[in-house]
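A short write-up of the structure that comes next.
Keep in mind that what you see is a predicted model, and the values were worked out from it rather than measured.
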Amino acid sequence: MKVRWRWRTALGLGLLLALPLSLPVCSPLRAQRRRDPLNPLEIDQLRDAMLEPDQRLKLYVKFSRDRMTKLEQMRSDPKTTERGRQTHDMLEDFLAVYDELNDNIDMYVGRKDDIRKPLKVIIEVDTEFQAKLRALKNSANANTSEASQYEFLLTDALDTVDSSADDHRKTLAEVGEYMKRQKKK
């Protein structure tokens, strides 16, 4: 019986001593978890529009545009503190919503839904986003110390929007061809 007690005590003591060593490993993992960039009202709107591709994709366009507008407003506000960090966080939110838009496009294309109308809107907004992100990149060149906090994310956002714009044009053509074939049948 004493052997078991010593073994359990030693095991408990070992775990207790190992706990402080594991905290530095867990802390970065906790910091990597991000909140959802969508608020509860937006999530409800998307849930309600799940079976309506046109409406759902237009909601994602609206939410992406809202994030971009908030970013521009924050950057132009002279009272803003920690502009670099806030720019980083807002770019991250924009990119998360924009990536969800792309995931939904893929889902609706896979389901063979007719998404030509929202794709036309998305292609227009791609051009808008490209211009705004390039303007941000040009302004970032003026203040390099601030830009270092979000430079990588800005480059990622620009690359994502650029490649997505090409994909959206190709997808529009493919969906158009598919719908023509379906109409002939």
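Rounded to the nearest 0.5 angstrom, L119 CG and E174 CD are separated by 10.5 Å. One finds the CZ atom of R134 at 10.5 Å from the CG atom of L154 (value rounded to the nearest 0.5 Å). The line from CG of L172 to CG of D167 is 12.5 Å long, rounded to the nearest 0.5 Å. To the nearest 0.5 angstrom, D162 atom CG is 13.0 Å from F129 atom CZ. A distance of 15.0 Å separates CG in L95 from CE in M90, rounded to the nearest 0.5 Å. Distance check, rounded to the nearest 0.5 Å: CD of E92 to CG of D156 gives 10.0 Å.
In this structure, V121 and L57 have side chains that are not in contact, with every pair of non-hydrogen atoms separated by 4.5 Å or more. A heavy-atom distance below 4.5 Å is not found between the side chains of D114 and Y178. Counting heavy atoms from C-beta outward, Q73 and T69 have side chains that approach closer than 4.5 Å. Counting heavy atoms from C-beta outward, L71 and L136 have side chains that approach closer than 4.5 Å. In this structure the side chain of F94 never reaches within 4.5 angstrom of the side chain of T160, judged on heavy atoms. The shortest side-chain heavy-atom distance between R56 and Y108 falls under the 4.5 Å cut-off. Side-chain atoms of T155 and D159, non-hydrogen and from C-beta on, do get closer than 4.5 Å to each other. The closest side-chain heavy-atom distance from M107 to D113 is not below 4.5 Å.
Ion pairing between R75 and E146 holds under the 4.0 Å rule for side-chain N and carboxylate O. A salt bridge between K132 and E128 is present, with a side-chain N of the basic residue lying under 4.0 Å from a carboxylate O of the acidic one.
The minimum heavy-atom distance linking T80 with D77 is given by the pair OG1-O, 3.0 Å. Looking at every heavy atom in both residues, T171 comes nearest to I105 through CG2-CG2, 4.3 Å. In terms of heavy-atom proximity, Y98 sits nearest to A165 at OH-N, 4.5 Å. Across every non-hydrogen atom of K137 and L158, the tightest pair is CD-CD1, 3.6 Å. Shown here for T81 and Q86, the closest heavy-atom pair between the two residues is O-NE2, 2.8 Å. In this structure, G84 and Y150 approach most closely via the heavy-atom pair O-CD2, 3.6 Å.
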Between F63 and Q45, is the side chain to side chain contact (heavy atoms under 4.5 Å, CB included) condition met? List the steps. CA-CA 11 Å; F63 301 155; Q45 290 174 333; 3.1 Å; yes
Could you go through the salt bridge (charged side-chain N to carboxylate O under 4.0 Å, His left out) check for E42 and R67 one step at a time? CA-CA 12 Å; E42 292 169 333; R67 300 315 181 271; 2.6 Å; yes
Would E124 and V61 count as a side chain to side chain contact (heavy atoms under 4.5 Å, CB included) here? Give the steps. CA-CA 10 Å; E124 290 174 18; V61 166; over 6 Å; no
Is there a side chain to side chain contact (heavy atoms under 4.5 Å, CB included) between T87 and Q149? Walk through the geometry before answering. CA-CA 8 Å; T87 301; Q149 296 179 39; over 6 Å; no
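Linking Ile, Leu, Val, Met, Phe, Trp and Tyr residues whenever their side-chain heavy atoms come within less than 4.5 Å leaves L133 and F152 in two separate clusters. I43 and V97 fall within the same hydrophobic cluster, where Ile, Leu, Val, Met, Phe, Trp and Tyr residues are linked whenever their side-chain heavy atoms come under 4.5 Å apart, directly or through other members.
Remark: side-chain polar atoms of R83 are paired, donor with acceptor, to backbone N or O of M74 under 3.5 angstrom.
A search for side chain to side chain donor-acceptor pair (under 3.5 Å) contacts involving D66 returns K62, not counting sequence neighbours.
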